[in-house]
Amino acid sequence: MILGLLKRRRRRNLRTQPFPNAWRAIIGRNVHFFPRLSASDQGELLGHVQVLLAEKNFEGCAGLKLNDEIRVTIAAQAGLLLLHRDTDYFPLLVTILVYPSAYLVNESHPVTDHIWEEGESARAGHTGSHLDSMVLAWDEAKEGASDPSDGKNLVLHEFAHQLDFENHATDGTPVLATREQERVWSEVMRTEFAKLRAADETGIPALLDTYGASNPAEFFAVAVEAFFERPLGLRAEHPRLYAELKKFFRQDPVDFSAERAAAG
Ligand SMILES: [Zn+2]
């Protein structure tokens, strides 16, 4: 209780620290969505960046030398997931390991439903509920921040997994406000996940990355990427999914989407 109060006070202080000009310049250069946020959301986001940079460890791996550009570009994207919500700043996450680019892992992955292949595959990011860390490839993290509407964003994807873990299950469901919201959420997600699986099996092009057909946890992470990167498309094609994400995130990315600018 006392700890909670102290933590809240420390975070409030961090959020009101003057934001370094050099960091703001980095965000201006690297983070496409920032200039389109409202002034109050920009201010809130910068506060979240201060807290994240103070509380999370960043480590460079495979020879990557960490600098402010890397840390600020990652934290600014993660902070987008915190806007307007009372959160504990990804409480299960302690360390963010940053590689220069995609790295090879030894893993088994399915070739068909019944055949698994062992081997090395390239991976741009990873996090797990049993880990207190996240791995990100810096080139992909930077690319995701700079391309406003390709539907892909590595940092949003991996931090969405962290939100999913907060209810102590890797099930594609973050902590929701009410029982009723949980009921609607699980019904909508089940339906939408089944649709994406069907699209994946038949090869019909889908707005959502078919990687999300792997399991409900990946479905949620992929849906979060689409929600922020292609909100107009998602709202038009998957209105119920869009509505649930909008309710959870307490924001409407259509308001600051580059997709709208592109569509005129
Ligand atoms: Zn994932």
Side-chain angles (χ1 to χ4, degrees), residues 52 56 58 61 73-75 77-82 87 90-99 101-111 113 116-117 119-145 147 150-175 185-186 188-190 192-197 199-201 206-231 234 238 241 244-245 248-249 253:
L52 289 170
K56 307 301 179 192
F58 285 76
C61 301
T73 302
I74 290 169
Q77 296 176 80
L80 185 62
L81 303 181
L82 303 176
T87 78
F90 309 107
L92 306 174
L93 178 66
V94 179
T95 301
I96 296 149
L97 304 163
V98 191
Y99 282 71
S101 56
Y103 51 98
L104 292 173
V105 286
N106 252 314
E107 61 177 5
S108 49
H109 53 91
V111 180
D113 277 357
W116 287 66
E117 188 179 74
E120 285 197 321
S121 60
R123 199 187 251 179
H126 181 65
T127 189
S129 57
H130 55 292
L131 308 169
D132 57 11
S133 61
M134 171 185 294
V135 180
L136 294 172
W138 167 233
D139 58 356
E140 296 261 344
K142 191 176 178 189
E143 166 70 21
D147 193 327
D150 62 354
K152 294 201 187 301
N153 186 303
L154 175 68
V155 174
L156 296 183
H157 180 106
E158 298 304 333
F159 278 86
H161 281 315
Q162 284 290 325
L163 296 178
D164 179 8
F165 303 155
E166 285 181 34
N167 69 344
H168 305 291
T170 306
D171 57 357
T173 308
V175 176
W185 178 282
S186 74
V188 170
M189 294 298 152
R190 213 173 24 241
E192 295 284 344
F193 176 61
K195 270 199 244 170
L196 189 61
R197 284 197 86 118
D200 188 31
E201 275 160 23
L207 178 97
L208 292 164
D209 186 337
T210 50
Y211 183 61
S214 316
N215 56 54
E218 294 305 339
F219 180 81
F220 172 62
V222 158
V224 169
E225 289 181 81
F227 179 66
F228 286 103
E229 292 250 331
R230 307 192 61 192
L234 191 70
H238 304 269
L241 175 60
E244 288 314 298
L245 291 168
F248 170 69
F249 282 109

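All residue numbers in this chain count up from 1 along the given sequence. These values consider heavy atoms only, across backbone and side chains, with no hydrogens, waters or symmetry-generated copies. For ligands, and for the atoms within them, numbers begin at 1 and follow the listed sequence. Just so it is clear, the structure is predicted and the values come from calculations on it, not from any experiment.
- Here the side chains of Met134 and Phe90 are not in contact, with every heavy-atom distance at 4.5 Å or above.
- Expressed to the nearest 10°, the angle at the Zn ion (ligand 1) joining NE2 in His161 with OE1 in Glu218 is 100°.
- The distance from the Zn ion (ligand 1) to the nearest N/O/S atom of His126 is not under 2.8 Å.
- Look at Glu158 and the Zn ion (ligand 1): no N/O/S atom of the residue is under 2.8 Å from the metal.
- A salt bridge links Lys152 and Asp209; the closest N-O separation between the charged side-chain nitrogens and carboxylate oxygens is under 4.0 Å.
- Atoms CD and OG, on Glu244 and Ser186 in that order, are 9.5 Å from each other to the nearest 0.5 Å.
- Summarising the geometry of Ala141 relative to Ile74, their closest heavy-atom pair is CB-CG1, 4.3 Å, with the distance given to 0.1 Å.
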